[in-house]
Amino acid sequence: MKTEHILIIRFSAIGDVAMAVPVVYSLATQYPHVRITVLSKGFARSFFEELAPNVSFMEADIKNEYRGVKGLNTLFRRLKAKHFTAIADFHNVLRSDYLRLRFNLDRFHVAHINKHRKGKRKLTSKKKKRLIEQPTSFQNYADVLAKLGYPVDIHFESIFPPEGGDLNLLPPAVGTKSDGTQWIGIAPFAAHQGKIYPLPLMQQVIEQLISLKPQSRIFLFGGGEKEMSILDKWCEQYKSCTNASHLCGGLMQELILMSHLDVMLSMDSANMHLASLTATPVVSVWGATHPYAGFLGWNQSLDNVVQTSLDCRPCSIYGNKRCTRGNYPCLSSIQPNDITEKIIKNLDKSTQ
């Protein structure tokens with residue numbers, strides 16, 4: 001009898017791929033006899049490589065090695081040779097559509113994600129907005145597997161054991177977490193301006209946290225050169241702050257550190273999803289986007305969401321549209337106290 005072997009395709013941005021982890025883990029544990037291969041970009045290896053014994057990871061460089069139709073044909077031939085019995089397209093974009101077409105022509109069992117675009121259009125409509133919660137990405141991924149005959153109940157805690165990742169694998173400057181000290185993560189950036197809390201206001205949040213929790217340590221996360229420069233300046237200004245992304249040597253080390261945070265403050269961004277994979281509570285700030293679009297982090301509570309009610313909000317699913325008012329009041333009207341209070345509540349809860 002042929003071994004059941006599922007191919008899961010999800011390229012995309014880091015946050016979208018991270019959201020697949022709880023679903024893939026649930027599939028792996030509920031169907032231990034099934035082999036699972038996740039096809040994605042190289043950064044995702046940290047998510048899946050040791051997720052479960054029956055899960056493997058395959059990297060696809062779709063911008064270089066497998067670029068264009070010729071490259072995708074090469075990738076398809078390589079995939080076909082692995083004798084998959086089912087194909088789960090978690091992405092549903094041109095590249096994955098083409099691969100799905102090739103698999104369909106060869107009579108593979110194939111299913112793809114429903115992104116519920118109609119409901120999301122109503123959510124962001126200017127004139128006939130309907131603030132109705134859409135299915136989460138987690139449920140959308142699970143629905144694909146159900147179409148293939150593998151329904152799952154999503155049960156997932158963390159990619160690490162309950163005590164968190166091994167801090168000994170991090171640079172010595174991170175140090176150990178002493179008794180009574182609380183660690184706070186802050187990820188102030190996002191891919192689009194419509195999702196970034198104004199930096200001067202974010203500095204006020206940092207100042208309030210230092211004042212209210214002087215024994216706490218604040219780790220700052222951010223990736224780009226410009227972002228790193230801003231974080232370095234804050235670390236010079238606030239001695240309680242450490243530029244975690246500057247210290248850590250890659251995604252896995254950042255995940256280990258996140259697993260030891262008492263709380264993370266993040267925008268609607270990848271870091272919200274990364275912290276969620278480590279069972280760390282996340283206070284998330286939402287501007288042009290809205291958690292009703294289905295992108296709230298895994299196991300995160302709406303009680304930890306910071307947002308304001310405006311007739312124009314949400315105006316975007318991904319935060320990439322220009323503000324019609326010009327000044328993003330959805331973000332600038334949020335007071336630093338609104339954010340600090342939720343962080344303090346989580347810190348106090350962690351000591352109970």
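- For Gln253 (side chain) and Gly249 (main-chain N/O), a donor-acceptor pair under 3.5 Å exists by modelled atom type.
- Counting non-hydrogen atoms of other residues, nucleotides and ligands closer than 6.0 Å to CZ of Phe47 gives a total above 12.
- Side-chain atoms of Val17 and Lys41, non-hydrogen and from C-beta on, never get closer than 4.5 Å to each other.
- We find the CD-OG1 distance between Gln335 and Thr308 to be 9.5 Å, quoted to the nearest 0.5 Å.
- Rounding to the nearest 0.5 angstrom, the gap separating the CG atom in Leu251 from the OG atom in Ser46 is 4.5 Å.
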Checking side chain to side chain contact (heavy atoms under 4.5 Å, CB included) for the pair His246/Asp232: CA distance, chi angles, key distance, verdict?
CA-CA 8 Å; His246 188 84; Asp232 283 338; 4.3 Å; yes
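- Between the CD1 atom in Ile14 and the OG atom in Ser40 there is a gap of 9.5 Å [rounded to 0.5 Å].
- Within a 6.0 Å radius of CD in Gln215, other residues, nucleotides and ligands contribute 12 heavy atoms or fewer.
- Residues Ala279 and Ser158 come closest through the heavy atom pair CB-CB, 4.0 Å.
- Here the side chains of Phe156 and Thr29 are not in contact, with every heavy-atom distance at 4.5 Å or above.
- No more than 12 heavy atoms of other residues, nucleotides or ligands sit less than 6.0 Å from atom CD of Gln193.
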What's the verdict on ring pair (Phe, Tyr, Trp, His ring centres under 6.0 Å) for Phe221 and Phe189, showing C-alpha distance, side-chain angles and the deciding distance?
CA-CA 8 Å; Phe221 295 83; Phe189 303 107; over 10 Å; no
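- Shown here for Gly119 and Gln134, the closest heavy-atom pair between the two residues is CA-OE1, 3.3 Å.
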Where do Asp16 and His91 land on the side chain to side chain contact (heavy atoms under 4.5 Å, CB included) test, with the steps shown first?
CA-CA 9 Å; Asp16 296 309; His91 202 172; over 6 Å; no
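- Asn54 places a side-chain N or O within donor-acceptor distance of the main-chain N or O of Ala28, the cut-off being under 3.5 Å.
- Closest approach of Val285 and Leu265 over heavy atoms only: CG2-CD1, 3.9 Å.
- Contact annotation: the side chain of Leu123 approaches that of Pro314 to within less than 4.5 Å [non-hydrogen atoms, C-beta and beyond].
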Decide side chain to side chain donor-acceptor pair (under 3.5 Å) for Tyr31 and Glu4; before the verdict, give the C-alpha distance in whole Å, the side-chain angles of both, and the deciding distance to 0.1 Å.
CA-CA 10 Å; Tyr31 298 91; Glu4 295 175 62; over 6 Å; no
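- Defined by atom type and a distance below 3.5 Å, a donor-acceptor pair is present between the side-chain atoms of Gln307 and Arg313.
- Side chains of Trp286 and Ser284: a donor-acceptor N/O pair is present below 3.5 angstrom, by distance only.
- In the hydrophobic cluster analysis, where Ile, Leu, Val, Met, Phe, Trp and Tyr join through side-chain heavy atoms closer than 4.5 angstrom, Phe84 is grouped apart from Leu148.
- We find that Glu59 and Arg45 are joined by a salt bridge, their nearest charged nitrogen and carboxylate oxygen being less than 4.0 Å apart.
- The backbone N or O of Ser125 lies less than 3.5 Å from a partner atom in the side chain of Lys129, making a donor-acceptor pair.
- In terms of heavy-atom proximity, Ser332 sits nearest to Asn327 at OG-O, 3.7 Å.
- In this model, no donor atom of one side chain and acceptor atom of the other lie less than 3.5 Å apart for Tyr150 and Gln30.
- To the nearest 0.5 angstrom, Arg121 atom CZ is 14.0 Å from Lys128 atom NZ.
- For the 3.5 Å distance criterion, the side chains of Asn92 and Asp89 fail to qualify, holding no donor opposite an acceptor.
- Using a 4.5 Å cut-off between side-chain heavy atoms of Ile, Leu, Val, Met, Phe, Trp and Tyr, with links allowed through other members, Ile62 and Phe43 fall into different hydrophobic clusters.
- Heavy-atom neighbours of Leu105 CG from other residues, nucleotides or ligands within 6.0 Å: above the threshold of 12.
- When the side chains of ILVMFWY residues are joined at heavy-atom separations under 4.5 Å, either directly or via intervening members, Phe57 and Tyr66 end up in two distinct hydrophobic clusters.
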Starting from the C-alpha separation in whole Å, work towards a yes-or-no answer on side chain to side chain contact (heavy atoms under 4.5 Å, CB included) for Arg217 and Ser240.
CA-CA 5 Å; Arg217 192 171 175 192; Ser240 299; over 6 Å; no
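- Salt bridge annotation for Lys177-Asp262: present, with a cationic side-chain nitrogen under 4.0 angstrom from a carboxylate oxygen.
- Side chains of Arg10 and Ser12: a donor on one and an acceptor on the other come within 3.5 Å.
- Annotation for Met228 and Gly223: closest pair CG-O, 3.9 Å, computed over non-hydrogen atoms.
- For the pair Leu277 and Tyr25, the minimum side-chain heavy-atom distance is 4.5 Å or more.
- In summary, the side chains of His109 and Thr85 do not present any donor paired with an acceptor at a separation below 3.5 Å, with no hydrogens or angles considered.
- Here the closest non-hydrogen pair linking Ser301 and Leu296 is C-CD2, 4.4 Å.
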Output, in order, the C-alpha distance, side-chain angles, deciding distance and verdict of side chain to side chain contact (heavy atoms under 4.5 Å, CB included) for Leu101 and Phe76.
CA-CA 10 Å; Leu101 172 65; Phe76 171 75; over 6 Å; no
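- By the 4.5 Å heavy-atom criterion applied to side chains, Ile9 and Phe90 are not counted as neighbours.
- At distances below 3.5 Å, at least one donor-acceptor pair connects side-chain atoms of His290 with backbone N or O atoms of Tyr292.
- Checking side-chain atoms of Ser266 against main-chain N and O of Asn271 turns up no donor-acceptor pair under 3.5 Å.
- Judged purely by atom type and a 3.5 angstrom limit, Ser316 uses its side chain to pair as donor or acceptor with the backbone of Tyr318.
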Please assess Ser56 against Thr37 for the test side chain to side chain donor-acceptor pair (under 3.5 Å), listing each intermediate value before the final yes or no.
CA-CA 5 Å; Ser56 60; Thr37 296; 3.1 Å; yes
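- Checking Asn304 against Gln300 by side-chain atom types alone, no donor-acceptor pair falls below 3.5 Å.
- Tracing side-chain contacts under 4.5 Å through hydrophobic residues (I, L, V, M, F, W, Y), one reaches Val55 starting from Leu27; they form part of the same cluster.
- Thr280 places a side-chain N or O within donor-acceptor distance of the main-chain N or O of Met258, the cut-off being under 3.5 Å.
- Checking Ile218, Asp348, Thr340, Ile343 one by one against Lys213, the side-chain contact (heavy atoms from CB on, under 4.5 Å) holds for a single residue, Asp348.
- Panel note: side chain Thr176, backbone Ser178; no donor-acceptor pair is recorded below 3.5 Å.
- To the nearest 0.5 Å, atoms CG (Leu39) and NZ (Lys82) are separated by 10.0 Å.
- Inter-residue side-chain proximity for Tyr328 and Ile196 is flagged as unmet; no heavy-atom pair is nearer than 4.5 Å.
- In terms of modelled atom types and a separation under 3.5 Å, the side chain of Asp106 and the main chain of Phe108 share no donor-acceptor contact.
- One N or O on the side chain of Lys342 and one on the backbone of Asp303 form a donor-acceptor pair closer than 3.5 Å.
- Taking hydrophobic clusters as Ile, Leu, Val, Met, Phe, Trp and Tyr residues chained together by side-chain heavy-atom distances below 4.5 Å, Val24 shares a cluster with Phe295.
- Counting heavy-atom neighbours within 6.0 Å of Glu157 CD, excluding the residue itself, gives a total of 12 or less.
- With no hydrogens or angles considered, a side-chain donor-acceptor pair links Tyr98 and Asn73 at under 3.5 Å.
- A 6.0 Å sphere centred on NZ of Lys345 holds no more than 12 heavy atoms belonging to other residues, nucleotides or ligands.
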